[in-house]
Amino acid sequence: MSNEAVLHTHATTDVHHDAHGDHHGEHHHHETFITKYVFSQDHKMIAKQFLITGMVWAVLGGLMSVLFRLQLGYPDSTFPWLEDILGKWAAGGKITPEAYYALVTTHGTVLVFFVLTAGLSGTFANFLIPLQVGARDMASPFMNMLSYWFFFAAGIVMLSSLFVETGPFSGGWTAYPPLSALGDASPGSKTGMDLWLISMALFVVSSLLGGLNYIATVLNMRTKGMSMTRLPLTIWALFFTAILGVLSFPVLFSGFILLIFDRNFGTSFYLSDIFINGVGALPNEGGSAILYQHLFWFLGHPEVYIILLPAMGMVSEILSVNSRKPIFGYMAMVGSLFAIAILAFLVWAHHMFVTGLNPFLGSIFVLLTLLIAVPSAIKVFNWLTTLWRGNIRFTPGMLFAIGFVSLFISGGLTGIWLGNSALDIHLHDTYFVVAHFHIVMGVASMFGMFAGIYHWFPKMYGKYLNNTLGYIHFWVTIAGAYLIFWPMHYQGLAGMPRRYYDFSAWESFNKFGDLNRFISTVAMIVFAVQILFLFNFFYSIFKGRKLTNPNPWDSNTLEWTTPIHPGHGNWVGEIPEVHRWAYDYAKDGKEFIPQTTPVGADESHH
C-alpha cells in the first residue's frame, strides 16, 4: 500500500477502534443502546434504520391503497368496521370523498418519496457504498446520521397530518395549485397541506445530506486498486442516483418554498384570477400554476430514475452472481446509466403535453423521451444476455431480479405510448397512466428492493431468510402485480379517468364494475402476502438459520470479505486491496475469483 493509504487506513482504524471496539470487542462497554441503535453513526445501522422505517411506511401506504381499492371495487357497499378505523372519514361504513382523495394523495406521496426513494436509496446506498468501495464508513458519518433523522422527522410530520381535524392533504401527490395553494379550496387544503409541505421540505434536506455523502464517499474513499472501472454496477447506479438527487431536489424545494409563500404570505407565484364558490375574485394576479408544474416535474422525472437506478444496479449485480457469469457489456452498462442520468433532466415536460405547451416544443420533448428508450434497451439486452446460458441459481433474490427485468420491459413499452404527445392527449390522467407508472416505477422498483433485501440480508443480519416463504412471496406478488395493473391499460384506453371516487353513475364505465372488483380483490391478496414477507424478515432476524460462510453466494465483491458480523469499521486490520473488476465468474476454470485475488501472470487483466 502507498504511505498515504497506510496512514489513512491506520488513522481510520484507530479512531473506530477506540469508539467501537472493531478488533476484539474490548471496548464494547463504551457503546450504549442509544449510540449503537438510535443515534448510530455506523453506515450499516443507519441502512437498517432506513430499511425498517421504509417498511413501516410501505405497510401504511399499502393499507391506504387497499382502503381506496375497497371503495373502487365496491362503491355501493358499506363496511361498518371502516367507521371503527377511520371514524368520521368513513361515516356509516363508507369512505367519504374527502377521505378517499386524502388516501390517494398520501399513498402516492409516501410510496414515491418515503419508501421508494428513502427506503431504497437510503438503505442500499448506506449499506453497500462503504462495503463495496472498501471504506471504513461514509465520508461524514455524522451527516449520514442526520440524513436519517431528517427523514424520520419528515415521517413524523407526515404521520401527524393524518390526525388533524380537517384531514390530511387531498390535492394529489403532485400538489398542483390552486388546490395546494389556497387553504379555502377544500378541507384537505388546510392544516394538512401545511404539514405535507413541512414534511416534504424535511425530506428534501435528508436526501441532499445523504446524496452529498454518497458522492464524496465514492469519489474519495475507494480502497487501493479500486479504480472507477472496477466498481460494481451497484455503486455506479447509486452514484448516478445521488447526482440526480443533488441536482434536482433543490428545484422541488424552491417550488415548495414559493407554495408556502402563496399559502401564507399573500404572494402570487402560482395564483391569478382565482374565484372560490363564486364569491368574487381573489386579489392574486400574475401567477402561473404552470410554473409549479415545471418546477415539480423538473424533479419529478429525475425522481423516476432516482427510484429506478438503484434497483437497476442491484439487479445487475444479483443477475451476474446467480448466473455465475460475468455481467455482459460492463462499460455499456455504465454508459447507459450515464445516458439515462443526462436524459432524465431533459424530458420533464412530457408530463405537461395537455397544459397548452407549444406543439413544436412538445415535439422536442417527444424526441428526447423516445431517446431514453435506447439506454434502457441496452440495459435490458445486457441483462438478458447475462442470463443467456448461465448456470442460474433461482434464489428468491434472483427471482425478484428477473421479475424486475420483466416488469421493466412490459411497463417501459407503454411509456412509448405516453411519450407521444398526440396519443397522450387521449391517455393523460386515465388509468393507462396509473398502469404504466405503477408497473415500470412502483412495482419494478419494489422488486429491485426485494431482490436486494433477499440477497444482502445475510450480510446485514448474519442470518438467512426462509426460502419457502420467499418463493411464495415472489410468485404471488408478480402474478398479482400483473393482474392488478395490466387490465388498467384497457380501462385507460377506454378513457376511464384516474382519481375518481365512484364510476358507478357513468354509463361508459359501468362495464368495468366487475373488473374493478377483481382488481380490488387481487390487491388485498397481494397486500396480505407482503405481511408474510414482513413476518419472514423480522422472524429471521432473531430466529433465522445462522450464516456460517461469510460469502454465502460465492460473490466477488468486497462486502463478502468482512467478518459475518462486522464491527464499525467493517474490516479487522487493513482494508483489502483490489486487483480486478467485480465480475470474474467462470474464468480460467474457477467458478469465481474475488476482487482481492491478485491477477496471475498468465491471466488477462481487466
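Sequence positions, counted from 1, serve as the residue numbers for this chain.
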For [X] and [Y], work out which heavy atoms get closest and say how close.
{"X": "Y501", "Y": "Y101", "result": "N-OH, 3.7 Å"}
{"X": "L309", "Y": "I340", "result": "CD2-CG2, 4.1 Å"}
{"X": "G93", "Y": "L82", "result": "O-CD1, 3.8 Å"}
{"X": "G397", "Y": "I318", "result": "O-CG2, 3.8 Å"}
{"X": "L346", "Y": "L368", "result": "O-CD1, 3.1 Å"}
{"X": "S320", "Y": "T386", "result": "CA-CG2, 4.0 Å"}

Measuring from [X]:[atom1] to [Y]:[atom2], what's the distance to the nearest 0.5 Å?
{"X": "N322", "Y": "N391", "atom1": "CG", "atom2": "CG", "answer": "10.5 Å"}
{"X": "I156", "Y": "S161", "atom1": "CD1", "atom2": "OG", "answer": "11.5 Å"}
{"X": "N510", "Y": "N516", "atom1": "CG", "atom2": "CG", "answer": "10.5 Å"}
{"X": "M524", "Y": "I484", "atom1": "CE", "atom2": "CD1", "answer": "10.5 Å"}
{"X": "T241", "Y": "L120", "atom1": "OG1", "atom2": "CG", "answer": "8.0 Å"}
{"X": "I453", "Y": "M55", "atom1": "CD1", "atom2": "CE", "answer": "4.0 Å"}

Keeping [X] on the side-chain end and [Y] on the backbone end, is there a donor-acceptor pair under 3.5 Å?
{"X": "K94", "Y": "T78", "answer": "no"}
{"X": "Q530", "Y": "V526", "answer": "yes"}
{"X": "T521", "Y": "R517", "answer": "yes"}
{"X": "K379", "Y": "S336", "answer": "no"}
{"X": "S520", "Y": "R69", "answer": "yes"}
{"X": "H426", "Y": "L423", "answer": "no"}
{"X": "Y100", "Y": "Y500", "answer": "yes"}

Residue list, salt bridge (Lys or Arg N to Asp or Glu O under 4.0 Å) with [X], at least two apart or on another chain:
{"X": "R498", "value": "D429"}
{"X": "R324", "value": "E591"}
{"X": "K325", "value": "none"}

Verify whether the ring centers belonging to [X] and [Y] lie closer than 6.0 Å.
{"X": "F50", "Y": "F124", "result": "no"}
{"X": "F296", "Y": "W173", "result": "yes"}
{"X": "F365", "Y": "F353", "result": "no"}

Partners meeting side-chain contact (heavy atoms from CB on, under 4.5 Å) with N382 (sequence neighbours left out): F328, A332, M333, I378

With sequence neighbours left out, what residues match L367 under side-chain contact (heavy atoms from CB on, under 4.5 Å)? none

With side-chain contact (heavy atoms from CB on, under 4.5 Å) as the criterion, how do W417 and L493 come out once you've worked through the C-alpha distance, each side chain's angles and the decisive distance to 0.1 Å? CA-CA 11 Å; W417 293 50; L493 287 169; 3.7 Å; yes

What side-chain hydrogen bond (donor to acceptor under 3.5 Å, both in side chains) pairs are there with at least one residue in [range], not counting sequence neighbours?
{"range": "residues 451-460", "value": "Y454-H473, W456-E559, K459-T562"}
{"range": "residues 299-308", "value": "T117-E303, H301-H350, H301-H351"}
{"range": "residues 103-115", "value": "T109-W196"}
{"range": "residues 51-67", "value": "T53-Y148"}

F345 vs F298 aromatic rings, parallel, tilted or perpendicular, using cut-offs 30° and 60°? tilted

Measure the acute angle between the ring planes of W236 and F239, then classify it against the limits of 30° and 60° as parallel, tilted or perpendicular. perpendicular

Could you please spell out the steps behind the side-chain contact (heavy atoms from CB on, under 4.5 Å) verdict for V315 and F408? CA-CA 11 Å; V315 162; F408 183 72; over 6 Å; no

Going by the rule side-chain hydrogen bond (donor to acceptor under 3.5 Å, both in side chains), which residues pair with D76 if we only count those two or more places apart in sequence or in a different chain? none

For S410, check side-chain hydrogen bond (donor to acceptor under 3.5 Å, both in side chains) against everything at least two apart and list the hits. Y482

Is the number of heavy atoms from other residues, nucleotides or ligands within 6.0 Å of OH (Y74) greater than 12? yes

Under the side-chain hydrogen bond (donor to acceptor under 3.5 Å, both in side chains) criterion, do N126 and Y214 qualify, and how do the steps go? CA-CA 8 Å; N126 267 304; Y214 307 152; 3.2 Å; yes

Between R545 and N466, is any side-chain donor less than 3.5 angstrom from a side-chain acceptor? no

Given Y461, which of F537, Y539, F542 fulfils the ring-ring contact (aromatic ring centres under 6.0 Å, His included) condition? F537

What side-chain donor-acceptor pairs closer than 3.5 Å can you find for residues 431-452, not counting sequence neighbours?
{"from": "H436", "atom 1": "ND1", "to": "G411", "atom 2": "O", "distance (Å)": "2.9"}
{"from": "H436", "atom 1": "ND1", "to": "T414", "atom 2": "OG1", "distance (Å)": "2.9"}
{"from": "H436", "atom 1": "ND1", "to": "G415", "atom 2": "N", "distance (Å)": "3.4"}
{"from": "H438", "atom 1": "ND1", "to": "V434", "atom 2": "O", "distance (Å)": "2.8"}
{"from": "S445", "atom 1": "OG", "to": "M441", "atom 2": "O", "distance (Å)": "2.6"}

Could you walk me through whether L60 and V110 pass the side-chain contact (heavy atoms from CB on, under 4.5 Å) check? CA-CA 9 Å; L60 290 173; V110 301; 5.8 Å; no

A side-chain contact here means heavy atoms from C-beta on lying under 4.5 Å apart; do K463 and L547 qualify? no

From CA spacing to verdict: side-chain contact (heavy atoms from CB on, under 4.5 Å), Q491, I519: CA-CA 12 Å; Q491 294 177 320; I519 291 172; 4.2 Å; yes

